[in-house]
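Excluded from the calculations below are hydrogen atoms, water molecules and symmetry mates; all remaining heavy atoms, backbone and side chain alike, are included.
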There are 2 protein chains.
Amino acid sequence: MIRQNIKVAVDAVVFGYKDRKLNVLLIKRNIEPYKNSWALPGGLVLEDENLEQAVERELKEETNVTIDYLEQLYSFGNLGRDPRNRVVSITYFALVKPEHHKIKADTDAKDVAWFNVQELPELAFDHQIIFDKAKERLQNKLTYEPIGFDLLENKFLFSDLEKLYMTILEKQIDRRNFRKKILGFGILEELEEKVSEGRGRPANLFKFNKKQYFKLKDEGFFFDIK
Amino acid sequence: MIRQNIKVAVDAVVFGYKDRKLNVLLIKRNIEPYKNSWALPGGLVLEDENLEQAVERELKEETNVTIDYLEQLYSFGNLGRDPRNRVVSITYFALVKPEHHKIKADTDAKDVAWFNVQELPELAFDHQIIFDKAKERLQNKLTYEPIGFDLLENKFLFSDLEKLYMTILEKQIDRRNFRKKILGFGILEELEEKVSEGRGRPANLFKFNKKQYFKLKDEGFFFDIK
DNA sequence: GCAAAAGTGTTCAACATACACCCATGT
DNA sequence: ACATGGGTGTATGTTGAACACTTTTGC
């Protein structure tokens, strides 16, 4: 086998939806290069762990977050990404329910924080490019897979779902048509509970019926929101 | 930086369309492990080349093919993929016009051949999984990007396009609706030339107008074939 | 003249879009 | 009683799906 010394890393773009804003989880680097810069959480893969395990370990170590949804995004491995070494980074796309985790800096990270995706700081390495790709993936995926529910609480208001779509897709959506469409899918459970948010008419709580979704999907149903 | 000895490779799933069949390019391995097994072309990345360059080099070396369309597919890097070493393989999805290349085995490859995707031999390593993922990508992509034209000659019959879609999507398509739809896009040029295939009414030749496609795309047009 | 492939239009159903008023609550 | 957000239906246009006959050529 030829001699080759390329390092293999994983990095994750972790999205969370909080206060009606789309956020991404960043760490402040505690080591060179790019010390004190904000960056995506990630790091080198250990020799005896799978790639997804590496992502989960790094997230746990650096941010104390555990993931609700994880998928591979893209791999970046061209020359000159890292001033020290050739590094191939296999990047992941993750969704969490931010309320469920107390983020906390630890190994290699001086600080951890959620950033509104509209107000990102400058990112280390080529992480801005990775982030852009992840955001694009999120926007696309939201329209053809029910991943929005991984960003909301288990029980949510219909208006939350609607606002989430408008925020992430960055466009206006007609409330009536959206509701008609989603409810028509038959993958939401309408709960008895109502929530009064202070003012206005109390709203119904809904739950995503994942089992029903997979059943319908097996039968040929296709989730699709324009 | 921690010690880590993981090798980085690229592998390519190269599709070609010939004789109304979808084919994939395989090599017969000349070295252990899996010596004499059929496998996807690929190999370790050199330290001073980018990933796409590695793919192109390996394809040139092993099969003498140059590529019309190339995109990254997925990365496989879990434990136990290769009995020798931990190897992370960044896989690519490629399309070629098979008539344009004389395939020829060379470095590390004892033989090269096009295989009908319906009649694949057993593949080395986890290459069957990689192939499955590529085929899925091809089927999906065919419906929302005009990549079918990268599998046909520059000038083609409408019936070729139609058969290509039916072959790859593995389903029947209504000739009239299909033609109406595609021609309605306004991205094909109807040439004056006609071709007589021996029997039946001679057919018109068409050309994909790539420039026009990108123009329309910029204006918000979306290629979409159900 | 017949076999083979090319070319072409219409009808119907399903879905997307646009759009405005009433309801239940808190203050 | 008014401000706030929740909940709902209809009409219209667009798109997808189904479907069969005529044309041009080779033999």
Side-chain angles (χ1 to χ4, degrees), chain A residues 19-21 140 142-144 146 152-153 155-167 169-207 216 219-226, chain B residues 19-20 140 142-144 152-153 155-167 169-207 216 219-226:
Chain A
D19 308 325
R20 297 184 180 163
K21 297 268 194 279
N140 286 329
L142 202 60
T143 69
Y144 64 86
L152 293 174
E153 298 295 313
K155 300 172 178 186
F156 55 86
L157 303 176
F158 213 96
S159 58
D160 288 336
L161 185 64
E162 189 193 313
K163 278 165 199 149
L164 181 142
Y165 268 80
M166 290 199 283
T167 303
L169 300 181
E170 296 167 353
K171 66 171 193 186
Q172 288 307 112
I173 295 177
D174 182 89
R175 191 152 54 99
R176 286 162 292 187
N177 293 338
F178 183 76
R179 191 180 177 113
K180 209 189 311 167
K181 184 103 202 247
I182 301 258
L183 287 181
F185 291 161
I187 56 176
L188 292 191
E189 238 176 279
E190 186 163 358
L191 304 176
E192 292 306 313
E193 302 173 64
K194 290 196 197 303
V195 167
S196 179
E197 291 258 307
R199 51 169 165 263
R201 175 174 172 176
N204 249 293
L205 279 169
F206 288 85
K207 228 178 126 171
L216 289 171
E219 294 166 12
F221 163 72
F222 190 64
F223 182 93
D224 182 30
I225 297 287
K226 286 285 136 50
Chain B
D19 307 326
R20 296 184 180 163
N140 286 330
L142 202 60
T143 68
Y144 65 85
L152 293 174
E153 297 295 314
K155 300 172 179 186
F156 55 87
L157 303 177
F158 213 96
S159 58
D160 288 337
L161 185 64
E162 190 193 313
K163 277 164 200 150
L164 181 141
Y165 268 81
M166 290 198 282
T167 303
L169 299 181
E170 296 167 355
K171 67 172 190 183
Q172 287 308 112
I173 295 177
D174 181 88
R175 192 150 53 97
R176 287 163 292 187
N177 292 338
F178 183 74
R179 191 181 176 112
K180 209 188 315 168
K181 185 102 201 249
I182 300 258
L183 287 181
F185 289 163
I187 57 177
L188 291 192
E189 238 176 279
E190 186 164 356
L191 305 176
E192 291 308 312
E193 302 172 65
K194 289 195 198 303
V195 168
S196 177
E197 291 256 309
R199 52 168 167 265
R201 175 174 172 176
N204 250 294
L205 280 169
F206 288 85
K207 227 178 127 173
L216 289 171
E219 294 167 12
F221 163 72
F222 191 64
F223 182 94
D224 182 31
I225 297 287
K226 286 285 134 50

Q | Separation between CD of A:Glu162 and CZ of A:Arg175, rounded to the nearest 0.5 Å | A |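 Answer for the CD-CZ pair, A:Glu162 versus A:Arg175, is 6.5 Å.
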Q) Minimum heavy-atom separation for B:Leu205 to B:Lys155, with atom names? A)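 Closest heavy-atom pair between B:Leu205 and B:Lys155: CD2-C, 4.0 Å.
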Q: Of all the heavy-atom pairs spanning A:Leu216 and A:Gly186, show the shortest one and how long it is.
A: CD1-O, 4.1 Å
Q) Considering the options B:Phe206, B:Phe223, B:Phe178, which one meets the ring-ring contact (aromatic ring centres under 6.0 Å, His included) requirement together with B:Phe185? A)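 The single option meeting the ring-ring contact (aromatic ring centres under 6.0 Å, His included) with B:Phe185 is B:Phe223.
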Q.
Is there a side-chain contact between B:Ser159 and the phosphate of C:dA5, meaning an N or O under 4.0 Å from OP1 or OP2?
A. no
Q) Does A:Asn204 make a side-chain N or O approach to OP1 or OP2 of D:dG6 shorter than 4.0 Å? A) no
In whole angstrom, give the distance that lies between atom [atom1] of [X] and atom [atom2] of [N].
X        : N      : atom1 : atom2 : result
B:Glu197 : D:dC27 : CD    : P     : 13 Å
A:Leu161 : D:dG7  : CG    : C1'   : 15 Å
B:Arg175 : D:dA20 : CZ    : P     : 13 Å
A:Phe158 : C:dA24 : CZ    : P     : 19 Å
B:Leu205 : C:dA6  : CG    : P     : 12 Å
B:Glu162 : C:dT8  : CD    : P     : 13 Å
A:Lys194 : D:dG5  : NZ    : P     : 18 Å
B:Ile173 : D:dA18 : CD1   : P     : 12 Å

Q) What residues in residues 178-192 of chain B put a non-hydrogen atom under 4.0 Å from any atom of DNA chain D? A) B:Lys180, B:Lys181
Q. Under the ring pair (Phe, Tyr, Trp, His ring centres under 6.0 Å) test, which residues partner A:Tyr144, sequence neighbours left out?
A.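 Once residues adjacent in sequence are excluded, A:Tyr144 has no partner under the ring pair (Phe, Tyr, Trp, His ring centres under 6.0 Å) criterion.
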Q. Heavy atoms, side chains only, cut-off 4.5 Å: are A:Ile225 and A:Leu142 in contact?
A.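 Heavy-atom side-chain distance check fails, nothing below 4.5 Å.
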Q: Note down the inter-axis angle between the two ends of the helix from C:dG1-D:dC27 to C:dT27-D:dA1, five pairs each, to the nearest 10°.
A: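 Here the local axes at opposite ends form an angle of 10°.
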Q: Could you list the residues that satisfy side chain to side chain contact (heavy atoms under 4.5 Å, CB included) with A:Lys226, not counting sequence neighbours?
A: A:Asp224
(Q) Reading DNA chain D from 5' onward, which residue's closest nucleotide shows up sooner: B:Pro202 or B:Lys226? (A)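 Upstream on the strand: B:Lys226.
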Q | Any pair counted as side-chain hydrogen bond (donor to acceptor under 3.5 Å, both in side chains), so long as it reaches residues 180-192 of chain A, sequence neighbours left out | A |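 Pairs touching residues 180-192 of chain A that pass the test: A:Asn177-A:Lys180, A:Glu190-A:Asn204.
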**Q.** Partner residues of A:Arg176 under the salt bridge (Lys or Arg N to Asp or Glu O under 4.0 Å) criterion, sequence neighbours left out
**A.** A:Asp174
Q: State which of D:dC19, D:dG9, D:dG7 makes the closest approach to the side chain of B:Asn177.
A: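 Nucleotide nearest to B:Asn177's side chain: D:dC19.
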Q. Checking only heavy atoms, does the side chain of B:Arg176 share a donor-acceptor pair with the base of C:dG7 at less than 3.5 Å?
A.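 Not at all, since no donor on one side and acceptor on the other fall under 3.5 Å apart.
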Q) Closer to the 5' end of DNA chain C via nearest nucleotide, is it A:Asp174 or B:Arg199? A)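 Its nearest nucleotide lies further toward 5', so the answer is B:Arg199.
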